[in-house]
Amino acid sequence: MTSKEYMELSEQNVLHTYNRFPVVFEKGEGVYLTDADGKTYLDFGAGIAVFALGYGNQAYNDALKAQIDKIIHTSNLYYNEPMAEAAAKLVRASGLDKVFFTNSGTEAVEGALKAARKYAYLKEKEAASVSGAMDGDAAGAGHMAYEIIAMNHSFHGRSVGALSVTGNPHYQEAFRPLMGGVKFAEYNNLESVKSQITDRTCAIILETVQGEGGIYPAEPEFLRGVRALCDEKDILLILDEIQCGMGRTGSWFACQQYGVQPDIMTCAKALGCGVPVGAFVLSEKVAKASLAPGDHGTTYGGNPLACAAVSKVFDLFEEQHIIEHVRALTPYLENKLDELVAKYDFLTARRGKGFMQGIVVEGRPVGEIVSKALENGLIVISAEGGVIRFVPPLVIEKEDIDEMVRRLEKSF
Ligand SMILES: *Cc1c(COP(=O)(O)O)cnc(C)c1O
């Protein structure tokens, strides 16, 4: 079938929740994709910050094929080998202590929120039993510290829980009432966060680098300030590293460059490099006093196929020195983007960290530039606030950056 026929077949049968670009990708090689009509595209989107390793990575493909031939699924009623290995590698890379595997980023956020509420619930229950108070209040549905502070312009997913902490009223509007007990603060504004804290606050959730919201890295004083507030009041810090984690900013997780360790971290996107998988990772403190058997579960989460992907991704990142590569090439990418901002009046700023970059467009619709780029064989993505987002596979080389700039300028 031609691209056009595939598009028509999709329009007939797939629920229209996305305005898709008129292209059907068929295969990939390195940092290039090919569509069903044979046209090639330089990919600076990586399936929304997912495919870090480049397409057609033989070692990755072989690991998945080998696992398919062994076993794909067993359920969480049993242990499985890839999960044991993947969890150990994620624990080591994150510096945290316990992992729960999910099937998506959204589910990782859901789990993190539940873990935070359970932690506060148990803490109150224990305090009540020590003080001899009636445990009715703490043990009942209306326990005290259930509030979660999230950030304006954040993105954490589309399920009801994750949507409730997503600071974008446009996404929330039709689905109210959402999960209660959520307050919003200004990102990179410590006073704003402080003003939302009450004795009911159990957690603060934020992206270390805001992605969908327009590529805003946390300022170091802000992130460290939030950590200090959390420590002072025994509030849990949940860092969403779904987009900015897994090497994208030049360290396993972006928070490591700030010297800030969360109590819970969420992870997905590049974690499995294309196989649907996410995780939330907890510190020992939270792990031993939050979710317990019966509190949370998933049929697929942590299945052998997904975890074989995760495990291999960690190995390949090390063997191929992916993080070192990102660090080495970041100044080159930043320079090239800065040159564009200097050259074109309608580009007003560059923001970002590592291979998660955005340039701000003013006075022109970003969607048109992104569409034009696609016509010219370049994949870039938009983000909120008129931003062209660059989240390429982490294996791009200088010549790919040069080629990206050529194709982008042609699209201006
Ligand atoms: C993509 C994303 C999510 C949601 O992940 P899904 O896998 O789409 O469910 C959550 N948080 C952040 C920061 C993301 O970028």
Side-chain angles (χ1 to χ4, degrees), residues 17-18 20 45-52 90 94 100-116 148 150-168 171-172 175 178-179 182 184 187-188 203-218 223 237-249 252-255 262 264-281 298 300-303 306 309-310 313 351-358 381-385 387 389-392 394:
T17 55
Y18 279 93
R20 293 171 209 268
I48 318 189
V50 169
F51 214 90
L90 181 49
S94 65
F100 184 102
F101 284 110
T102 65
N103 310 292
S104 68
T106 301
E107 286 169 75
V109 170
E110 291 289 333
L113 298 176
K114 281 180 70 179
I148 292 161
M151 302 298 136
N152 291 327
H153 304 288
S154 61
F155 184 83
H156 298 292
R158 308 294 200 126
S159 63
V160 172
L163 184 60
S164 301
V165 291
T166 288
N168 185 330
Y171 290 163
Q172 295 181 327
F175 307 103
L178 295 168
M179 183 181 84
V182 179
F184 286 93
Y187 193 72
N188 277 335
I204 299 174
I205 182 167
L206 59 99
E207 295 151 271
T208 314
V209 182
Q210 282 193 336
E212 308 301 308
I215 315 293
Y216 286 94
L223 196 60
L237 176 59
I238 304 171
L239 288 183
D240 184 341
E241 291 250 357
I242 288 168
Q243 189 162 159
C244 62
M246 291 305 290
R248 179 149 298 278
T249 68
W252 277 116
F253 296 98
C255 58
I264 308 175
M265 188 171 74
T266 57
C267 192
K269 292 203 162 90
L271 178 64
C273 276
V275 170
V277 60
F280 60 99
V281 195
T298 161
Y300 281 140
N303 100 1
V310 174
V313 166
R351 290 190 296 262
K353 223 171 164 51
F355 285 4
M356 184 172 178
Q357 296 285 339
I381 317 178
S382 60
E384 201 186 312
V387 170
R389 174 172 21 165
F390 305 85
V391 282
L394 303 185

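Each ligand, and each atom within it, is numbered from 1 in the order the structure gives. What you are looking at is a predicted structure, and each value in this text was computed from that prediction instead of being measured. Residue indices begin at 1 and follow the sequence shown.
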Ligand 1 N/O within reach of [X] N/O, cut-off under 3.5 Å:
X: Gln243; answer: yes
X: Ile242; answer: no
X: Glu207; answer: no
X: Glu107; answer: no
X: Gly157; answer: no

Quick check against the 3.5 Å criterion: does [X] have a side-chain atom that pairs as donor or acceptor with the backbone of [Y]?
X: Thr249; Y: Gly354; result: no
X: Asp240; Y: Gln210; result: no
X: Tyr300; Y: Ala306; result: no
X: Glu241; Y: Ala254; result: yes
X: Arg389; Y: Ala383; result: no
X: Arg248; Y: Phe253; result: no

TODO: Return the option from Glu212, Lys269, Glu241 holding the heavy atom at the smallest distance from atom 15 (O) of ligand 1.
DONE: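 Residue with the shortest heavy-atom distance to the ligand atom: Lys269.
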Could you list the atoms of ligand 1 found under 4.0 angstrom from a heavy atom of [X]?
X: Ser104; answer: 7 (O), 9 (O)
X: Gly105; answer: 5 (O), 6 (P), 7 (O), 9 (O)
X: Thr106; answer: 4 (C), 5 (O), 6 (P), 9 (O)
X: Asp240; answer: 10 (C), 11 (N), 12 (C), 13 (C)

- [ ] Please check if any side-chain donor atom of Glu384 sits under 3.5 Å from a side-chain acceptor atom of His153, or the reverse.
- [x]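 A donor-acceptor contact under 3.5 Å links the two side chains.
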